[in-house]
Amino acid sequence: DSGMPVEFELGVAYPNPFNASTMFTVSLPDAADLKVAIYNVLGQQVAILADQRMEVGRHTFTFDAKNLASGVYIIHAIVPGELNEMQKVFMMK
């Protein structure tokens, strides 16, 4: 096993719930244009963690919410035509 991803995938954020920051991976079996954005429950974008061409592999991202209010946030990972996944995370201060 080469350890290379076989599918486009948004990994589970850990820890969740979290205080200040949480980490997650996005797996890319092919080089791709990846956008990773964070939204609040009102649908407002609060952060962009990636918006660029990324190489094959598992990419780890940290969502740092220390300057944001406690509550639910949505991680949204998009690779056009391949991946469109969302995940809820809960930030508790």
Side-chain angles (χ1 to χ4, degrees):
D1 178 20
S2 66
M4 296 310 285
V6 294
E7 61 186 359
F8 290 92
E9 183 178 32
L10 170 59
V12 176
Y14 182 84
N16 185 19
F18 67 100
N19 178 348
S21 70
T22 187
M23 294 175 66
F24 60 93
T25 60
V26 177
S27 298
L28 303 176
D30 299 302
D33 295 318
L34 173 66
K35 181 172 183 182
V36 178
I38 311 290
Y39 297 88
N40 63 20
V41 288
L42 302 176
Q44 297 164 316
Q45 186 173 283
V46 297
I48 293 181
L49 303 185
D51 191 4
Q52 67 208 45
R53 188 93 181 149
M54 303 285 282
E55 294 302 312
V56 171
R58 286 182 183 84
H59 302 276
T60 301
F61 296 95
T62 300
F63 170 38
D64 183 345
K66 68 177 179 286
N67 297 323
L68 298 171
S70 295
V72 176
Y73 292 89
I74 314 306
I75 299 168
H76 190 191
I78 301 169
V79 174
E82 298 290 348
L83 177 71
N84 186 351
E85 285 186 28
M86 288 187 241
Q87 180 179 165
K88 282 185 186 174
V89 291
F90 302 88
M91 204 269 277
M92 298 191 295
K93 287 188 174 172

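All values reported here derive from a predicted model rather than from experimental measurement.
Nearest approach of Leu10 to Met86, heavy atoms of both residues: CD2-C, 4.2 Å.
In this structure, Phe63 and Tyr73 have perpendicular ring planes: the angle between them is above 60°, well past the 30° mark.
Within the 3.5 Å criterion, the main-chain N or O of Ser27 finds no donor-acceptor partner in the side chain of Glu7. Within the 3.5 Å criterion, the main-chain N or O of His76 finds no donor-acceptor partner in the side chain of Lys35. The closest donor-acceptor contact from the side chain of Asp64 to the backbone of Lys66 lies under 3.5 Å. Side chain of Thr62 to main chain of Met23: no donor-acceptor pair is present (N/O by atom type, distance under 3.5 Å, no hydrogens or angles).
Considering CG of Leu34 and CD of Gln52, their distance stands at 7.5 Å, rounded to 0.5 Å. Interatomic distance, CG of Asn16 versus CE of Met91, reported as 12.0 Å (0.5 Å rounding).
Considering only heavy atoms from C-beta on, Val26 stays 4.5 Å or farther from Val79 through its side chain. Looking at heavy atoms from C-beta onward, Phe24 lies out of side-chain contact with Val89 at the 4.5 angstrom threshold. Put simply, the side chain of Thr22 reaches to within 4.5 Å of the side chain of Pro15, judged on heavy atoms. In this structure the side chain of Leu28 reaches within 4.5 angstrom of the side chain of Phe8, judged on heavy atoms. The side-chain heavy atoms of Ile75 and Glu85, taken from C-beta on, include no pair separated by under 4.5 Å.
Other residues, nucleotides and ligands contribute at most 12 non-hydrogen atoms within 6.0 Å of the NZ atom of Lys88. The environment of Phe90 atom CZ is dense: over 12 non-hydrogen atoms of other residues, nucleotides or ligands sit within 6.0 angstrom.
Tyr39 and Phe61 are members of different hydrophobic clusters when ILVMFWY side chains are connected at heavy-atom separations under 4.5 Å. Cluster annotation: Met54 is connected to Leu83 through the hydrophobic network of ILVMFWY side chains, with a link wherever side-chain heavy atoms come within less than 4.5 Å. Linking Ile, Leu, Val, Met, Phe, Trp and Tyr whenever their side-chain heavy atoms come within less than 4.5 Å leaves Leu68 and Ile74 in two separate clusters.
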